[in-house]
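To find a chain, count down the sequence lines: A is the first, B the second, and so on, and within it residues start at 1.
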Amino acid sequence: MAAADELAFHEFEEASNLLAETPDAATASGSDQLTPQGHVAVVVDSGGSYGAEEEAEESDRTALLQEEKQQPGFWTFGYYQSFFDVDTSQVLDRIRGSLLPRPGHNFVRHHLRNRPDLYGPFWICATLAFVLAVTGNLTLVLAQRRDPSIHYSPQFHKVTVAGVTIYCYVWLVPLALWGFLRWRKGVRERMGPYTFLETVCVYGYSLFVFIPTVVLWLIPVPWLQWLFGALALALSAATLVFTLWPVVREDTRLVAAVLLSTVVLLHALLAVGCKAHHEGTPRPALPLRR
Amino acid sequence: MRSHIREFDSSTLNESVQNTIMRDLKAVGKKFMHVLYPRKSNTLLRDWDLWGPLILCVTLALMLQRSSIDSEKDGGPQFAEVFVIVWFGAVTITLNSKLLGGNISFFQSLCVLGYCILPLTVAMLVCRLVLLAEPGPINFMVRLFVVIVMFAWSIVASTAFLADSQPPNRKALAIYPVFLFYFVISWMILTFTPQ
């Protein structure tokens, strides 16, 4: 090994000497320990071609690496980890993008950038379900303050109903939408359909605006509640429509109109359902039994 | 020295039941102390056990039970619901933190989350005692204050143990579900009204 060490040291010396003489000669961190003179000689003689060779080597290496780094199978943990590959700043940026939809900006292309995640949709839905239940409960408490005849109860089953509905909405409606868009894929030339995960992502993030709305529904002024509801629905549906418009634009007018209006209608149904769930039906107090 | 060697020689199968129970109880008690005075130590992580979480969860669920005068639909959470929420919530949070790239093991995380319910169980005890007095706004304010303080204590304790195992740019993503979990439990405690 001493011989090899000697060789390596010798090579470095020679290379550094040559570098001092010709500052723009390319040096490579090659692992092959050929004769030092030969190595350095190649660098000096044909700098251009050696550079090309090195590039070819690099691309070979990266191609090999990419082959090895294939998508892991769905039974491994790494497969699911790829859906949670987001940072805090990215999640916040996506939420901001869903709150402020702009006509030119496609949520999927602009914010997701082909890296959809499942963290946002999952936890936004969970938060929305719990916030719905908590504020519904609070509304009942406040209503009981004003009208003591209303019977108060924690109504814990509301969480289950709200959770199941919201999660089904965020999974089944994108599934139907994705299936429909793929079926119509033949009509479109330019823009391919979104993947299923990207559709779920858009739907999940578009529900974020309902969380502050539900909290604001605590204010017991009816027209204000309807105003907030309409505002939330408009923002949320706008995100969805602006995202779907480039894909649907190339289809026939009828299909485009029907698809977009169905999306908006389903979203409106969800908003109305949230409002109804939030209010509930307060029961008159049971007579106390002695 | 000889007694030490004898202790390590004999398997724990031969010792008396009292020894076994006392040893486990002491371990659980030591971890309770770590939760009540959270410092950055990894005792909870190193020797994790699930006895403490089980005791705390059962106590909390028993205390949250109401008498069944109300119809099933409108009542408070039943024992099974509390149990399911605590354990499925802890499992979901653990899965979330592992998927985000945290390097904590599954049971270590369950252990930490379960033990950090201790402040909220104390809050439940205090609320039950306070509810024995006459109802009114002062009653509610006292309960609200106690629950808020214990909620903050739980979050601080669990963050002290769990935050180091997450990659630095995803800490908030991993801590938020913990916040939601303890918020839901605090809500269940605050809205408890005996019939």
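In this structure, A/Asp117 CG and B/Leu99 CG are separated by 11.5 Å, a value rounded to the nearest 0.5 Å. To the nearest 0.5 Å, atom CH2 of residue A/Trp123 and atom CG of residue B/Leu180 are 6.5 Å apart. Within the model, atoms OG1 of A/Thr88 and OH of B/Tyr176 stand 13.5 Å from one another, a figure rounded to the nearest 0.5 Å. Going from atom CD1 of B/Ile85 over to atom CZ of A/Phe130 covers 5.5 Å, rounded to the nearest 0.5 Å.
When heavy atoms are compared at a cutoff of 4.5 Å, A/Tyr80 approaches chain B by way of both its backbone and its side chain. The contact between A/Val134 and chain B is made by backbone and side chain atoms together, counting heavy-atom distances below 4.5 Å. In this structure, no portion of A/Val159 lies under 4.5 Å from any heavy atom of chain B. Both the backbone and the side chain of A/Thr127 come within contact range of chain B, with heavy atoms under 4.5 Å apart.
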Please tabulate, for the side chains in residues 136-158 of chain B, all donor-acceptor contacts under 3.5 angstrom to protein atoms that are two or more places apart in sequence or on a different chain.
residue  : atom : partner  : partner atom : Å
B/Asn139 : OD1  : B/Arg143 : NE           : 3.3
B/Asn139 : ND2  : B/Val130 : O            : 3.4
B/Asn139 : ND2  : B/Glu134 : O            : 3.0
B/Arg143 : NH1  : B/Leu190 : O            : 3.3
B/Trp153 : NE1  : B/Leu36  : O            : 3.2
B/Ser154 : OG   : B/Cys116 : O            : 2.8
B/Ser154 : OG   : B/Met150 : O            : 3.4
B/Ser158 : OG   : B/Ser154 : O            : 3.1
B/Ser158 : OG   : B/Ile155 : O            : 3.2

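Within 6.0 Å of CZ on B/Arg23 lie more than 12 heavy atoms contributed by other residues, nucleotides or ligands. Within 6.0 Å of CZ in A/Phe77 there are more than 12 heavy atoms belonging to other residues, nucleotides or ligands.
A pairwise comparison of heavy atoms in B/Leu100 and A/Val86 identifies CD2-O, 4.3 Å as the closest pair. Heavy-atom minimum distance, B/Lys98 versus A/Gln81: O-NE2, 3.2 Å.
Residues meeting the salt bridge (Lys or Arg N to Asp or Glu O under 4.0 Å) test with B/Arg170, sequence neighbours left out: A/Asp85, A/Asp87.
Looking at B/Asn96 and A/Phe122, their side chains never come closer than 4.5 Å, going by heavy atoms from C-beta outward. Considering only heavy atoms from C-beta on, A/Tyr119 comes within 4.5 Å of B/Pro177 through its side chain.
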